[in-house]
Amino acid sequence: MMRTSPTGPVFLALLLAFGVSMASNAATTPVPAADAATAESRKLADLVDAYFEEQLKLNPLLATSIGDPRYNDRFEVTISPEWRARDENLERDYLERLKSIDPTRLSGQDALTYEIFKSAREREIEGFRFPGHLIPVNQFYSVPNSFAQLGSGNGLHPFKTVKDYEDFLKRVNGFVTWTDQAIVNMREGIAKGYTLPKVLVERTLPQLAAQIVEKPEDSLYWGPVKNLPASFTAEEQARLTTAYRAAIATQVIPSYRRLHEFLQDEYLPKARTSVGLDALPDGKAWYEYNVRNITTTDYTPAQIHAIGLREVERIHGEMRKVMQQVGFEGSLDDFFRFVNTDEQFFHPSREALVAGYVDIKNRVDPQLPKLFEILPSADYEVRAVEPFREKSAAGGQYQAASEDGSRPGIFYANAYNLKARPKWAMESLSIHEGSPGHHFQISIQREQKDLPRFRRFGGYTAYSEGWALYAESLGPDLGVYQDPYQYFGRLEGELFRAIRLVVDTGLHSKGWTREQVIEYIAANSAQSNERRIAETERYIAIPGQAVAYKIGQLKISELRARAERELGDRFDVRKFHTAVLADAALPLDVLEAKIERWIAAQKGG
């Protein structure tokens with residue numbers, strides 16, 4: 001029989017288990033400060049890890065995306081009342097539980113984790129007042145599109161084992177429920193005055209129609225069946241082929257058909273003719289929230305609009321220097337027309353365009369150690385955007401590598417309409433989406449195994465897009481932009497992000513029309529008409545997202561300039577980049593405070 005000391009840990013545990021208070025004892029036996037700090041650190045680590053576990057259950061695609069297969073058979077209906085209630089309860093519960101931790105006992109990474117976790121929960125809770133679930137589809141970010149990628153065999157969901165194949169069939173059930181819930185929600189949206197602009201409905205319809213095929217073998221979802229692993233037995237191959245044929249024919253295609261028919265016959269006639277978010281009920285506050293949330297700043301739409309106008313004027317001045325360098329005579333508008341029409345600036349085929357991006361990758365990668373102390377272990381590959389979504393997709397898109405290294409990162413390059421994809425835009429876009437842009441930053445973030453998982457696999461748009469745009473400025477040190485036209489492409493990319501500040505705020509806070517935005521882009525940039533239209537409709541679809549790029553880049557560039565000025569000869573760009581990247585994505589105000597501490601430490605060293 002074990003004896004229990006009246007002052008030992010077992011005795012204390014028994015008292016706590018039976019609800020006996022030890023307050024009087026604790027008052028006379030103070031806990032050492034170091035022990036208390038360790039205890040708070042452990043409590044915080046346990047709390048944020050438990051939160052992340054709950055998030056993986058709530059968002060199984062997040063688990064799949066990071067290579068965690070535990071929930072690969074689930075597809076949550078994230079627009080249902082039940083799921084949204086679970087989501088809100090989770091956020092409120094963990095913000096309340098955070099109050100049990102004393103932040104004054106935290107330091108270093110723990111202090112950062114506490115600050116980031118608290119502010120993120122508060123922002124999420126603030127956003128619950130806005131009914132995004134009533135507008136669940138658009139042509140730019142859409143579950144029907146992303147699920148098609150998932151089921152194509154070339155997306156996040158693995159198709160290597162029999163279980164992988166069976167898991168996806170279960171996910172199909174969730175997708176069918178999602179599409180039916182989307183119709184219910186959009187009917188509610190019509191009744192309450194929350195609808196998509198007509199133009200976005202018109203752009204979404206062809207994307208849905210592309211999945212409504214005559215027979216399963218013609219479906220994008222047939223891809224995994226065409227590539228059944230040879231290691232499967234003949235019986236397994238036959239069984240899965242039959243199951244996929246039935247699922248595609250009786251579940252997948254009918255779901256797309258129901259959603260398409262609803263949007264075309266019932267929703268489109270009632271969709272709104274306005275395009276700004278501020279035209280919706282409480283839309284002004286909704287857009288202001290989006291801007292604060294996405295930029296992680298207190299900037300108002302009016303302030304961002306003014307910043308955009310100043311940046312557009314500045315970059316135009318830099319472009320005129322390029323015109324002089326190449327000996328072009330004429331106006332800036334004339335130069336824009338020249339680079340958009342002359343045959344020398346376009347690839348002859350889709351394959352050549354993709355190969356061009358591979359060549360840029362192969363030239364840049366060996367130069368990265370010049371600017372960076374830490375490099376990601378994960379690699380990335382270049383693929384063309386799939387035909388079913390390329391017409392409305394951005395020029396480039398990045399999908400992160402899995403944590404276990406089984407799936408590389410993917411830079412999706414849009415090869416639709418080669419006349420809209422000039423060669424001069426390629427070096428800057430490759431740097432932005434690949435290395436040292438998105439692939440580089442996100443991979444380094446995910447490989448920081450000592451950080452809490454919510455930081456490794458979370459993110460802030462202003463930080464990540466700001467970093468990628470800042471990365472474009474590093475081109476000369478990476479051996480690109482040697483051709484003046486490629487440097488013009490870099491300026492054009494930066495210009496377009498500045499234009500976004502003007503037109504996004506114009507659309508959603510100043511009453512600008514779709515046509516006004518297209519005209520402003522045409523008057524101030526070298527973008528093709530096709531891209532002007534696609535970009536304008538993107539800003540209509542995801543209000544506020546586009547302003548994050550330039551705001552983030554301006555902050556990172558400002559911090560670098562401050563560090564160079566204050567450190568002088570002691571400034572080391574490789575160490576600066578480590579300071580920006582090593583702690584994963586941060587809100588911009590937190591990043592600024594961190595870099596100020598880093599500058600002070602460099603001075604002291």
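Listed for the Glu472 side chain is no donor-acceptor partner under 3.5 Å among the backbone atoms of Glu494. Between the Thr295 side chain and the Ala462 main chain, no donor and acceptor come within less than 3.5 Å of each other. Proximity of a side-chain donor or acceptor of Ser430 to a complementary backbone N or O of Met426 within less than 3.5 Å is not detected. The main-chain N or O of Phe140 is never found under 3.5 Å from a side-chain atom of Gln207 such that the two would form a donor-acceptor pair. Put simply, the side chain of Asn290 gets close to the backbone of Pro543: a donor and an acceptor are under 3.5 Å apart. No donor-acceptor distance shorter than 3.5 angstrom exists from the side chain of Ser274 to the backbone of Gly276, with no hydrogens or angles considered. Checked by atom type and distance alone, the side chain of Ser509 never pairs as donor or acceptor with a backbone atom of Gly506 at under 3.5 Å. Of the possible polar contacts, none joining the Ser473 side chain to the Leu469 backbone as a donor-acceptor pair under 3.5 Å is found. Listed for the Tyr380 side chain is no donor-acceptor partner under 3.5 Å among the backbone atoms of Ala400. Between the side chain of Ser142 and the backbone N or O of Val137, no donor-acceptor pair lies under 3.5 Å.
Inspection of the Gln367 and Asp477 side chains reveals no N or O donor paired with an N or O acceptor under 3.5 Å. Judged by distance alone, the side chains of Gln553 and Ser557 do bring a donor and an acceptor atom under 3.5 Å apart. Residues Glu492 and Gln527 bring a donor and an acceptor atom of their side chains to less than 3.5 Å of each other. When only modelled atom types and interatomic distance are considered, Tyr539 and Glu535 share a side-chain donor-acceptor pair under 3.5 Å. Counted by atom type alone, Arg455 and Gln448 present zero donor-acceptor pairs between their side chains at under 3.5 Å. With hydrogens and angles left out, the side-chain atoms of Asp282 and Tyr194 include no donor and acceptor closer than 3.5 Å.
Taking CD1 from Ile315 and OG from Ser525, the interatomic distance works out to 11.5 Å, rounded to the nearest 0.5 Å. The line from CG of Asp583 to CG of Leu591 is 9.5 Å long, rounded to the nearest 0.5 Å. Within the model, atoms CG of Leu491 and CH2 of Trp424 stand 10.5 Å from one another, a figure rounded to the nearest 0.5 Å. Note: Leu507 CG to Thr536 OG1 = 7.0 Å, rounded to the nearest 0.5 Å. Atom CD1 of Ile360 sits about 13.0 Å away from atom OG of Ser435, to the nearest 0.5 Å. Between Thr461 atom OG1 and Asn293 atom CG the span is 8.0 Å, to the nearest 0.5 Å.
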| task | Kindly indicate, with the supporting measurements, whether the criterion salt bridge (charged side-chain N to carboxylate O under 4.0 Å, His left out) is fulfilled by Arg310 and Glu313. | result | CA-CA 5 Å; Arg310 291 195 300 271; Glu313 184 176 358; over 6 Å; no

| request: For Val322 and Phe328, run side chain to side chain contact (heavy atoms under 4.5 Å, CB included): C-alpha distance rounded to whole Å, both residues' side-chain angles, the deciding distance at 0.1 Å, then the answer. | output: CA-CA 9 Å; Val322 175; Phe328 185 87; over 6 Å; no

| field | Chi angles and distances behind the side chain to side chain contact (heavy atoms under 4.5 Å, CB included) call for Ser428, Tyr481 | value | CA-CA 8 Å; Ser428 61; Tyr481 307 153; 3.5 Å; yes

| request: Apply side chain to side chain contact (heavy atoms under 4.5 Å, CB included) to Phe576 and Ile595, showing your working. | output: CA-CA 8 Å; Phe576 172 77; Ile595 296 300; 4.2 Å; yes

| said: Quick one, Ile599 with Leu567, criterion side chain to side chain contact (heavy atoms under 4.5 Å, CB included). Give me CA distance, side-chain angles, the key distance, then yes/no. | reply: CA-CA 7 Å; Ile599 292 172; Leu567 295 177; 4.2 Å; yes

| Under the ring-ring contact (aromatic ring centres under 6.0 Å, His included) criterion, do Tyr470 and Trp467 qualify, and how do the steps go? | CA-CA 5 Å; Tyr470 165 80; Trp467 169 263; 5.2 Å; yes

| query | Are Phe345 and Phe338 close enough, and set up right, to give a ring-ring contact (aromatic ring centres under 6.0 Å, His included), and what steps lead you there? | reply | CA-CA 10 Å; Phe345 298 121; Phe338 168 66; 5.5 Å; yes

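Among the candidates Val573, Ile444, Leu581, the single residue satisfying the side chain to side chain contact (heavy atoms under 4.5 Å, CB included) test with Phe372 is Leu581. Checked options Glu564, Glu558, Arg560; the residue passing with Arg562 is Glu558 (criterion: side chain to side chain contact (heavy atoms under 4.5 Å, CB included)).
Closest of all the heavy-atom pairs between Tyr412 and Asn154 is OH-O, 3.8 Å. Between Leu280 and Gly193 the shortest heavy-atom distance is CD2-O, 3.5 Å. Nearest approach of Ala471 to Pro436, heavy atoms of both residues: CB-O, 3.7 Å. When all heavy atoms are compared, the tightest approach of Tyr287 to Gly544 is CE1-N, 3.6 Å. Of all heavy-atom pairs between Leu353 and Leu418, the closest is CD1-CD2, 3.9 Å. In terms of heavy atoms, Val339 sits closest to Phe346 at O-CZ, 4.0 Å.
Under the 4.5 Å side-chain criterion, counting only non-hydrogen atoms from C-beta, Pro281 is not in contact with Trp286. Using a 4.5 Å heavy-atom threshold, the side chains of Leu588 and Tyr460 count as separate. A heavy-atom distance below 4.5 Å is found between the side chains of His432 and Tyr549. Between Gln486 and Val480 there is no side-chain heavy-atom pair separated by less than 4.5 Å. Taking the side chain as every heavy atom from C-beta outward, His508 and Pro301 never approach each other to under 4.5 Å. Ile304 is listed as a side-chain neighbour of Ile551, based on a closest heavy-atom distance under 4.5 Å.
For Arg490 and Glu427, the salt-bridge test fails: no basic side-chain N is under 4.0 Å from an acidic carboxylate O. Classification of Glu390 and Arg350 as a salt-bridged pair holds, one side-chain N sitting under 4.0 Å from a carboxylate O. Glu318 and Lys321 are joined by a salt bridge, as a carboxylate oxygen and a charged side-chain nitrogen come within less than 4.0 angstrom of each other. In this structure, Arg407 does not pair ionically with Glu381, as no charged nitrogen and carboxylate oxygen lie closer than 4.0 Å. Checked for salt-bridge contact, Asp365 and Lys361 meet the test: a charged N lies under 4.0 Å from a carboxylate O. Looking at Lys594 and Glu115, no side-chain N of the basic residue comes within less than 4.0 Å of a carboxylate O on the acidic one, giving no salt bridge.
Sorted by first and then second residue, the salt bridge (Lys or Arg N to Asp or Glu O under 4.0 Å) pairs involving residues 288-301 (not counting sequence neighbours) are Glu126-Arg292, Lys284-Glu288.
Using cut-offs of 30° and 60° for the angle between ring planes, the Phe335 and Phe488 rings count as perpendicular. Note: Tyr398 and His438 have parallel aromatic rings, judged against thresholds of 30 and 60 degrees for the angle between ring planes.
Relative to the ring axis of Phe496, Arg500 does not place its NZ or CZ within 45° and under 6.0 Å from the centre.
Counting heavy-atom neighbours within 6.0 Å of Glu329 CD, excluding the residue itself, gives a total of 12 or less.
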